[in-house]
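Step one of this worksheet: look at the structure below.
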Amino acid sequence: MPVQTITRKTETAKPKLAVYKFSSCDGCQLSLLNLEDELLDIVGAVEIAYFLEARRAEQPPPYDIGMVEGSISTPEEAERIRQVRRDCKYLVTIGACATSGGIQALRNWADVDQYKQYVYAHPQYVASLETATPIATHVFVDFELRGCPVNARQLLELITSLLKGRKPNIPNYSLCIECKRRGLPCVMVSKGEPCLGPITQAGCGALCPGCHRACYGCFGPMEQPNMDSLGHQLTGTQKRTAREMKHMLRMFNGYLEPFKQASDHYERQEKQNA
Amino acid sequence: MPRTITIDPVTRIEGHAKITLQLGDDGKVADAQFHVTQFRGFEKFCEGRPLTEMPSLMARICGICPVSHLMASAKACDALLAVEIPPVAVSLRRIMNLAQFVQSHALSFFHLSSPDFLLGMDADPAERNVYGLIRKNPELAIDGVKLRKFGQEIIALLGGKRIHPAWVVPGGVNEPLTTERRDQILAAIPEAKAIALKTITWFKQSLDQYQEIIDNFACFPSLHLSIADEQNKLNVYNGNLRVVDKDAKVLATGVKPADYHTLIGEAVENWTYLKFPYYKPMGYPEGMYRVGPLARLNVIDSCGTPLADKELAEFRQRFGRVPQSSFLFHYARLIEIIFGIENMQKLLDSRDILDPFVRARARPNRREGVGVSEAPRGTLIHHYKIDDHGQMTFANLIIATGHNNLAMSRGIKQVAQHFVDGNHLTEGMLNRVEAVIRCFDPCLSCSTHALGQMPIEISLHDAAGKLLDVARR
């Protein structure tokens with residue numbers, strides 16, 4: 001993805017940062033606040049012009065960097081993201097919801113009306129879109145940072161690279177590489193766990209294999225994942241059913257293309273078997 | 001009655017605060033409504049999924065208190081497996097839960113609420129935030145950051161990351177504690193304890209000037225609900241439900257989590273997506289109860305740790321056995337921070353905390369399970385049902401902000417009746433409403449707005465339902 005320098009030739013002021021939230025849990029924004037030691041440096045390097053949806057923006061647009069958390073799930077949000085795009089020179093998404101639709105994208109395979117009736121006694125008051133979709137479905141996005149939630153170090157790298165005008169050093173290889181680097185025993189080989197590591201993008205530091213647990217794909221598909229190979233392994237050697245495969249792939253990043261295609265494939269298989 | 005309800009951008013358990021005030025024919029406030037508009041559908045999309053996924057999936061409800069959802073969810077799953085989890089796994093989960101309490105209470109007290117009472121309700125909103133606090137009292141602000149970091153680092157040490165940790169699983173936890181990590185946590189405890197004690201001393205000294213606020217801020221009689229252990233001591237991870245009334249009379253005690261529905265009914269109103277839980281034996285809306293820090297201290301007999309018990313005794317001496325002012329949530333938070341630090345130390349000092357037996361493995365053995373624990377904001381209930389294959393067929397979640405919904409609306413009404421007059425809204429009015437909501441520390445996205453103002457919208461309607469004024473910020 002080409003990355004351009006944020007121009008600030010004419011401005012003597014610091015670049016302006018805006019942080020937006022759509023449908024999400026706040027976890028990714030909190031990752032930003034959790035950079036306690038570096039936060040003061042960030043505050044020193046940029047001007048936080050709009051953060052956490054303070055209604056009355058201290059600084060009017062345009063902004064140099066816009067960071068978006070959350071997916072688009074209401075008509076109001078679909079409108080608002082267009083304005084956000086117009087207001088920001090450089091728009092990056094942070095986290096699974098903004099990048100893939102997030103866990104609430106699971107409703108894209110279901111009837112939303114059913115959901116509403118199930119949860120609320122007066123569903124007619126709920127103004128909600130049929131789907132929860134990634135930001136890139138609605139507007140052009142300059143860079144997408146993966147993770148549920150995002151990794152703090154990657155977030156810092158993204159901000160730093162934006163300020164320096166260089167390409168962010170965010171690897172798109174699989175989790176297995178991080179896992180091997182840490183010298184962890186493979187949970188799939190040694191314990192027969194259904195691990196999504198081979199098709200999942202690195203970035204978390206192999207947290208789950210680090211505590212003897214199979215990866216469940218928080219960072220979404222790596223670049224060009226070999227879905228078939230892992231599918232054969234899991235349904236063959238491990239005897240996982242089509243239904244289990246479908247659920248495994250449809251988690252926080254289930255609506256991203258390679259996972260979506262594969263999960264739809266297993267859904268068809270599940271129906272055939274039934 | 002406003003006929004339109006807008007879904008605000010935030011569509012999870014919490015959302016922007018939205019408030020509607022209704023005027024009577026005399027132009028005075030007749031009713032106040034606190035709207036929460038959220039829709040993500042967690043109860044529904046877990047259907048058909050294996051129960052083992054639940055703790056990790058449910059943690060995603062909230063990035064502010066993921067640990068609390070992890071706890072309640074894991075406990076509901078333990079019940080579905082029908083296992084008794086290893087004692088050391090209980091201790092480790094308790095430590096993580098206490099760390100969550102310390103960090104969350106620190107955020108609420110230092111970052112969000114202290115600017116209100118340190119800088120004054122009528123201070124300029126541009127100044128009345130955490131930056132203003134840093135200028136006015138830098139030591140307090142730094143203490144707050146340190147205390148929050150203390151809690152967050154324990155969560156990261158135990159669970160790998162601060163948000164949505166993967167370490168708590170049905171049947172226990174994934175990995176035992178190492179000597180190195182235990183010592184790292186223990187080494188940080190003295191400083192955290194010193195900060196907590198210093199802060200409560202400062203807060204008590206300045207209490208007298210808040211007398212008017214204490215009397216007027218959501219100060220009304222209500223029931224209080226929380227869990228407590230068998231000796232009615234404070235235990236925020238495990239226990240049975242207990243309810244006391246305004247005169248400290250115990251209405252219910254030792255109610256097993258699985259029987260929560262005998263105590264709690266849920267009512268629905270058409271102007272908010274948040275349900276209204278109420279104390280069933282008294283009906284709706286008379287059965288209004290509060291949960292959270294103040295409710296917990298009102299429900300229990302003692303904390304069970306020396307320093308916290310000393311503070312609790314003084315607290316009761318000042319305000320009575322069952323104080324009713326929601327402003328005292330702040331005071332209660334400080335006592336709970338001390339309790340949390342002391343309790344963690346006790347658990348970490350125990351000989352078997354490094355024991356490698358941390359997980360009970362079992363297949364699903366029961367079709368229904370309930371997990372109840374205390375989140376920083378109050379009692380959290382996860383109720384699951386599964387089919388023969390261990391796949392979810394039903395989920396019901398009752399969250400702290402829901403429990404407090406009736407009381408919060410009541411508190412807003414009290415403040416509004418006190419301050420709103422005629423047909424327009426003033427800044428001072430907004431500040432006070434905001435402060436009332438903050439007492440409850442509802443898990444709205446605004447709870448995290450340490451760097452900005454709480455987004456809030458207040459609309460004023462006359463008796464005929466006509467919109468008179470809208471104030472937004």
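These numbers come from a predicted model, not from an experiment. A note on names: the letters A, B, ... follow the listed sequences, proteins ahead of strands, and every chain is numbered from 1.
In terms of heavy-atom proximity, B:S56 sits nearest to A:Y216 at OG-OH, 3.2 Å. The nearest pair of heavy atoms linking A:R213 to B:N174 is CD-ND2, 3.4 Å.
Both the backbone and the side chain of A:C211 come within contact range of chain B, judged by heavy atoms closer than 4.5 Å. Heavy-atom distances place the side chain of B:V169, and not its backbone, under 4.5 Å from chain A.
Counting heavy atoms of neighbouring residues, nucleotides and ligands inside a 6.0 Å radius, atom CZ of A:R182 exceeds 12 of them.
Residues B:R60 and A:S24 have side chains that never bring a donor and an acceptor to within less than 3.5 angstrom of each other.
At least one donor-acceptor pair closer than 3.5 Å links the side chain of B:R49 to the backbone N or O of A:H247.
To the nearest 0.5 Å, atom NE2 of residue B:H389 and atom CD of residue A:E244 are 11.0 Å apart.
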